[in-house]
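One structure is given here, and the rest of the page talks about it.
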Amino acid sequence: MVQNASLLWDKVIDRKEKIIKSFEEDKEKGLKERGIDLIRGEASFISSTTIKVNDMEISADKFVLALGSKTSTPPIEGIEHTINSTEALNLRELPKKMAIIGGGVIAMEFSHIFASVGVDLTVIEMGDRLLASEDHDSSQTIEAISKEIGIEILLNSRVQKVLKSNDGKIIEVETLDGKKSFEVDQVLLATGRVPNVSGLALEQIGVKVEKTGIQVNEYLQTTVEHIYAGGDGIGGYMLTPVASYEGRVAAKNAIENNIENVDYSLVTRTTFTHPPISSIGLTEQEAIEKGMDIDTNRLDFADVGPAVVLGETRGFVKLISDKKSKHLVGAHIVGPRAEELIHEIAIAMKGKLTITDLSEIISIHPSISEAVIGTAISADKGYQESCCG
Ligand SMILES: Cc1cc2nc3c(=O)[nH]c(=O)nc-3n(C[C@H](O)[C@H](O)[C@H](O)COP(=O)(O)OP(=O)(O)OC[C@H]3O[C@@H](n4cnc5c(N)ncnc54)[C@H](O)[C@@H]3O)c2cc1C
């Protein structure tokens, strides 16, 4: 038990900046050691084989584009009175009241960070559930947990206007129950990210760009044969490990002439709320839409002894498997160590293990992994009962 603790938010930000700076220095050193030149400046193509950076012209046989993404800016009146995620991470003073526009990954991560340090929060989402790309069970669980920790959630609600007031911002929202207007200190815009493709003259040199990002084929090759692309700039999963993977595949294909297809079947995803939400493969709804014959098995952390001991009983493990082959097709975890546990499922999926194989692992006790193995055991029991009476 802790008494009379206080939070020094300024110190938290100082520490974050110190860590980022040291990571940046290490990366720069690593580039130098590998003989890679780093040029700081905004690049633009002047022909399909030459880019201009500052006053320098650089020609190459092959290019890999890794342009990243930026906050999307929906047509909301007064959007200039909002802050984006980068600005939110640099706030030196915590707001008392904050509204977050959007109910996706960034919105939910920030709402849980700020709620945990006492900020009064409202999340406004125009869809009918939070984290729309996750399994419905994950969305429902995180909505319940968020409300439990005091976050107000407005679903089916559209922000119409943000106005500046004397002390903060006034936000006007159209909800299912009519118009609502309230005052906050800060408004965070978290309505998604869009590929950062402007300013490079990509279209002029023949690189096709769509709304979702730079168009690439299975080798991450753009519509110009010697130009490849990866990362947030091509849309899809906007995650650091996915960007690194795409960078490796694009570079390999550029050098060795299209030897590797890009494969997203084993991308693990986590939303860092408290508790975190992790997933791999298909959601239950996606599997049903694909016409698959599936089994789903779910074990709640409230029924897992070590989670009870930790006091982390919220959430569940849900495994989705193909009824006939017993292979896993998806997994969803909300709960303690979800971001670690999901790798156990990823390895099982990579090794094409069946749910029976997974159920045969004798787990450590006490461990949170018991939740994964326990779900597999109950799934396998279900299989055996249905197959063998
Ligand atoms: C708030 C937030 C939290 C996130 N949390 C996570 C997380 O927990 N886990 C995770 O996996 N991912 C997370 N992500 C996503 C992750 O940051 C991105 O997926 C990843 O950085 C994409 O890598 P990238 O190389 O494509 O782009 P970036 O890392 O954005 O790099 C692109 C670089 O290209 C530069 N650039 C663009 N155009 C030009 C030009 N014309 N000339 C020169 N340079 C140019 C940009 O300045 C930038 O430095 C988060 C993102 C946000 C916004």
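Model, not experiment: these values are computed from the prediction. These numbers come from the heavy atoms of this one structure, side chains and all, not from hydrogens, waters or symmetry mates. Ligands are counted one by one from 1 in listed order, and the atoms in each one are counted from 1 as well. In this chain, numbering begins with 1 at the start of the sequence shown.
- Defined by atom type and a distance below 3.5 Å, a donor-acceptor pair is missing between the side-chain atoms of Thr283 and Glu134.
- Take His112 and apply the side chain to side chain contact (heavy atoms under 4.5 Å, CB included) test, not counting sequence neighbours, and it matches Met108, Ile142, Ile145, Ser146, Ile149, Ile151, Thr273, His274.
- When all heavy atoms of Leu319 and Ile355 are compared, the closest pair comes out as CD1-CD1, 3.8 Å.
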Test salt bridge (charged side-chain N to carboxylate O under 4.0 Å, His left out) on Glu143 and Lys147 and set out the steps.
CA-CA 6 Å; Glu143 184 184 336; Lys147 285 177 175 168; 2.8 Å; yes

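- The two residues Arg92 and Trp9 come nearest to each other via the heavy atoms O-CD1, 3.6 Å.
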N or O contacts of ligand 1 with protein under 3.5 Å, please list pair by pair.
| residue | atom | partner | partner atom | Å |
| --- | --- | --- | --- | --- |
| ligand 1 | 11 (O) | Thr240 | N | 2.9 |
| ligand 1 | 12 (N) | Thr240 | N | 3.3 |
| ligand 1 | 12 (N) | Thr240 | OG1 | 3.4 |
| ligand 1 | 19 (O) | Asp232 | OD1 | 2.8 |
| ligand 1 | 19 (O) | Asp232 | OD2 | 3.4 |
| ligand 1 | 19 (O) | Met238 | O | 3.3 |
| ligand 1 | 19 (O) | Leu239 | N | 3.1 |
| ligand 1 | 26 (O) | Asp232 | N | 2.8 |
| ligand 1 | 34 (O) | Ala66 | O | 3.4 |
| ligand 1 | 41 (N) | Ala43 | O | 3.0 |
| ligand 1 | 42 (N) | Ala43 | N | 2.8 |

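- Under a hydrophobic-cluster definition in which Ile, Leu, Val, Met, Phe, Trp and Tyr are linked whenever side-chain heavy atoms come within less than 4.5 Å, directly or via other members, Ile83 and Val184 are assigned to different clusters.
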